[in-house]
Protein chains: 2
Amino acid sequence: MTKNIDLKEYWENKPQLLPSVSIDCVTLGFHNNQLKILLLKYKNTGYYALPGGFINLDEDLEDAAQRILEERTGLRNIYLEQFHVFGSNNRRNDDTHREIMAGCDIEIKPNNFLLNRFISIGYYALIDFTKATPSPDELSDSCMWYDLDKIPTLMFDHNEIFRKALETLRTMLDEKLICFNLLPETFTMNELQNLYETILGEKLVRSNFQRKMLSLGILERIEKKMTGAANKAPYLYRFVGEAY
Amino acid sequence: MTKNIDLKEYWENKPQLLPSVSIDCVTLGFHNNQLKILLLKYKNTGYYALPGGFINLDEDLEDAAQRILEERTGLRNIYLEQFHVFGSNNRRNDDTHREIMAGCDIEIKPNNFLLNRFISIGYYALIDFTKATPSPDELSDSCMWYDLDKIPTLMFDHNEIFRKALETLRTMLDEKLICFNLLPETFTMNELQNLYETILGEKLVRSNFQRKMLSLGILERIEKKMTGAANKAPYLYRFVGEAY
DNA sequence: GCTTCATTGTATCTTTTTGATACAATGAAA
DNA sequence: TTTCATTGTATCAAAAAGATACAATGAAGC
């Protein structure tokens, strides 16, 4: 159990972290025409949670969020956006923290960093599913993608955090061209439309959607994509607009 | 100097506050067809700042923001919205805090709460100018309205916080009918248009603006307002849409 | 009392955007 | 060669937005 001894040391003498502040990330990907969210499952407890973490005392908030997600996805320079701070007074979860740690054979001492009230800064991340390689942290045994309509009950207020993230994403979809962060380098118009439809939760008219997208002047048409299906092959497109 | 002795006690043994977290409020009002912002000026230092404060250990984040602004405006149930968290690592301002306190004859002891890194949660508040009664806190000698184009240089990153607030307000203006929080109970179409124009920073066509607003079905037409001017009297309107 | 004038409320016309539908082109399977 | 689902584009109608015009109004000036 050398690993657990290291962990023990780490969590018992938690290094210099900014008190009271945590980060939780609603990490979205798009695959098989489905929006997916990245979730952790803690060891031996059955608790599901959003990937999250704390801020080093000498670290920018944004850097912390990037670091936390880099550790879970292997990606750098992720599209990350703050959407809300969750700061209700009842965000104290001593017992849950103890349970989670106990699941890793770690005992939390009375004055531990974790046994305090935390506010959580919510970030949503839009990432290219094909490039991410999810990996669990030391406290969890899985880090996996879940369909948005199959999200299990999450720890603390994490279900609410997800709901708010999706709400913000919906309103932002019209404001900024952010959804291309969810697609691979090249994609078909159909995939793009499916993405819009899943985020907005409504069907769009194909021909009008295509007209609208093409009129924005942000798509470069590449070669055709021979799907092998018994029908006309769609074009591939590349996003050439201003990156977010 | 009994008052300063009280203050001294208060700030030297700062009560139970949530560490690392502060709140700053971009508080906007509308008067004489001008957007105004509420600013504090600290005693004996010349420092201008956004109204702000800390969160009690047993207080919801939202309640703290409401309390902080209630203390400055006398208003309850203010329209308040988070817009961004400012968390760069260089948000440590020991010297400035010492100066401000020194301006009130208070010495900050080495382990004081203030001598740490703080993140700041930015809120913007939209309030009815006619109902607010600005009052400074113990550390400042003025709490006043300033025209948006005459904002002095502010402490720390407060100018940047303001800029970001205005940016958010602009995008939210189309999303939600929030600007009525800035107007008194009744108002003319002209006042409403001026408000939109100042926030958006562009001129709108009067007739089209009126058509648009009336078509939303959120305005109730009251009696006419006799201005005394040598021209047709405008109608007064009342906002009857869904409140935010 | 009549004229003058800036402002207001509304109407009208045009342009642009959006919504709905139709249709020819395509690529592989039958 | 036929068939068929899908794709790209065109077309027509409806709605929204932009631009301009004009009559109504309320007080001031004469």
Side-chain angles (χ1 to χ4, degrees), chain A residues 32-34 170-171 173-177 179 183-184 186-241, chain B residues 30 32-34 170-171 173-177 179-180 183-184 186-241:
Chain A
N32 287 339
N33 282 335
Q34 283 261 313
R170 275 189 185 140
T171 52
L173 202 57
D174 305 324
E175 298 291 331
K176 295 178 168 188
L177 299 166
C179 70
L183 293 170
T186 64
F187 47 86
T188 65
M189 192 61 79
N190 190 19
E191 287 164 341
L192 182 58
Q193 182 177 348
N194 273 306
L195 177 52
Y196 266 87
E197 289 179 341
T198 351
I199 296 177
L200 295 176
E202 59 177 320
K203 285 280 165 203
L204 303 172
V205 177
R206 186 183 58 85
S207 58
N208 294 338
F209 180 80
Q210 173 140 334
R211 177 181 59 188
K212 179 68 185 171
M213 280 298 148
L214 292 180
S215 78
L216 292 177
I218 53 164
L219 296 180
E220 184 189 353
R221 184 176 280 181
I222 321 287
E223 79 281 13
K224 289 207 169 190
K225 181 187 184 185
M226 295 302 173
T227 60
N231 51 37
K232 187 171 179 178
Y235 285 105
L236 282 175
Y237 295 90
R238 185 201 319 279
F239 176 66
V240 293
Chain B
F30 191 62
N32 286 339
N33 282 334
Q34 282 260 314
R170 276 190 184 139
T171 52
L173 202 56
D174 305 325
E175 298 291 331
K176 294 178 169 187
L177 298 166
C179 70
F180 296 96
L183 292 171
T186 64
F187 47 87
T188 65
M189 193 60 79
N190 190 19
E191 286 164 342
L192 182 58
Q193 182 176 347
N194 273 306
L195 176 52
Y196 266 87
E197 288 179 342
T198 357
I199 295 178
L200 295 175
E202 60 178 319
K203 286 279 165 204
L204 304 172
V205 176
R206 186 183 57 85
S207 58
N208 295 338
F209 179 81
Q210 173 139 336
R211 178 181 58 191
K212 178 68 186 174
M213 279 300 148
L214 292 180
S215 78
L216 293 177
I218 52 165
L219 295 180
E220 183 190 354
R221 184 176 281 181
I222 321 287
E223 79 279 15
K224 288 206 171 193
K225 181 188 184 185
M226 296 303 174
T227 59
N231 51 36
K232 186 169 178 179
Y235 285 105
L236 282 175
Y237 295 91
R238 185 201 318 281
F239 177 67
V240 293

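Owing to the predicted nature of the structure, the values given are computational and were not obtained by experimental measurement.
Judged as a ring pair (Phe, Tyr, Trp, His ring centres under 6.0 Å), and not counting sequence neighbours, B/Tyr237 has no contacts. In this structure A/Tyr235 satisfies the ring pair (Phe, Tyr, Trp, His ring centres under 6.0 Å) test with no other residue, sequence neighbours excluded. Every residue two or more places apart in sequence or in another chain that forms a side-chain contact (heavy atoms from CB on, under 4.5 Å) with A/Asn33 is listed here: A/Phe30, A/Glu191, A/Asn194.
Between B/Asp174 atom CG and D/dA16 atom C1' there is a gap of 14 Å when expressed in whole angstrom units. In this structure, CG of A/Leu192 is placed 17 Å from C1' of D/dT6, rounded to the nearest angstrom. For the pair A/Ile222 CD1 and D/dG8 C1', the computed distance is 17 Å after rounding to whole Å. Between the CE atom of A/Met189 and the C1' atom of D/dG8 there is a distance of 10 Å, given to the nearest Å. Atom OH of A/Tyr237 and atom P of D/dT7 are 11 Å apart (whole Å). In this structure, B/Asn190 places its CG atom 12 Å from C1' of C/dA6, rounding to the nearest Å. If you take CD of A/Gln193 and C1' of D/dT6, they are 12 Å apart, rounded to a whole angstrom.
The salt bridge (Lys or Arg N to Asp or Glu O under 4.0 Å) pairs that include a residue from residues 197-211 of chain A are A/Glu197-A/Lys203, where partners are two or more places apart or lie in different chains. Screening residues 191-215 of chain A for ring pair (Phe, Tyr, Trp, His ring centres under 6.0 Å) gives A/Tyr196-A/Phe209 as the qualifying pairs, with residues at least two apart or on separate chains. Legend: salt bridge (Lys or Arg N to Asp or Glu O under 4.0 Å) pairs involving residues 227-241 of chain B, not counting sequence neighbours, sorted by first then second residue: B/Glu185-B/Arg238, B/Glu220-B/Arg238.
Residue A/Lys212 has a polar side-chain atom (N or O) positioned under 4.0 Å from OP1 or OP2 of C/dT18.
Among the nucleotides C/dG9, D/dG8, C/dT10, the one closest to any side-chain atom of A/Tyr235 is D/dG8.
Looking at A/Ile218 and A/Leu177, their side chains come closer than 4.5 Å, going by heavy atoms from C-beta outward.
Using the six-membered ring where Trp is involved, B/Phe180 and B/Phe239 have ring planes that are parallel, under 30° apart on the 30 and 60° scheme.
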Legend entry - Letter per nucleotide, 5' to 3', of nucleotides 20-30 of chain C [B base touched, S only sugar-phosphate touched, - untouched; heavy atoms, 4.0 Å]: BB---BBBBS-
Give every pair of a protein N or O atom and an N or O atom of nucleotides 2-4 of chain C that lie under 3.5 Å apart, one pair per line with the distance.
none

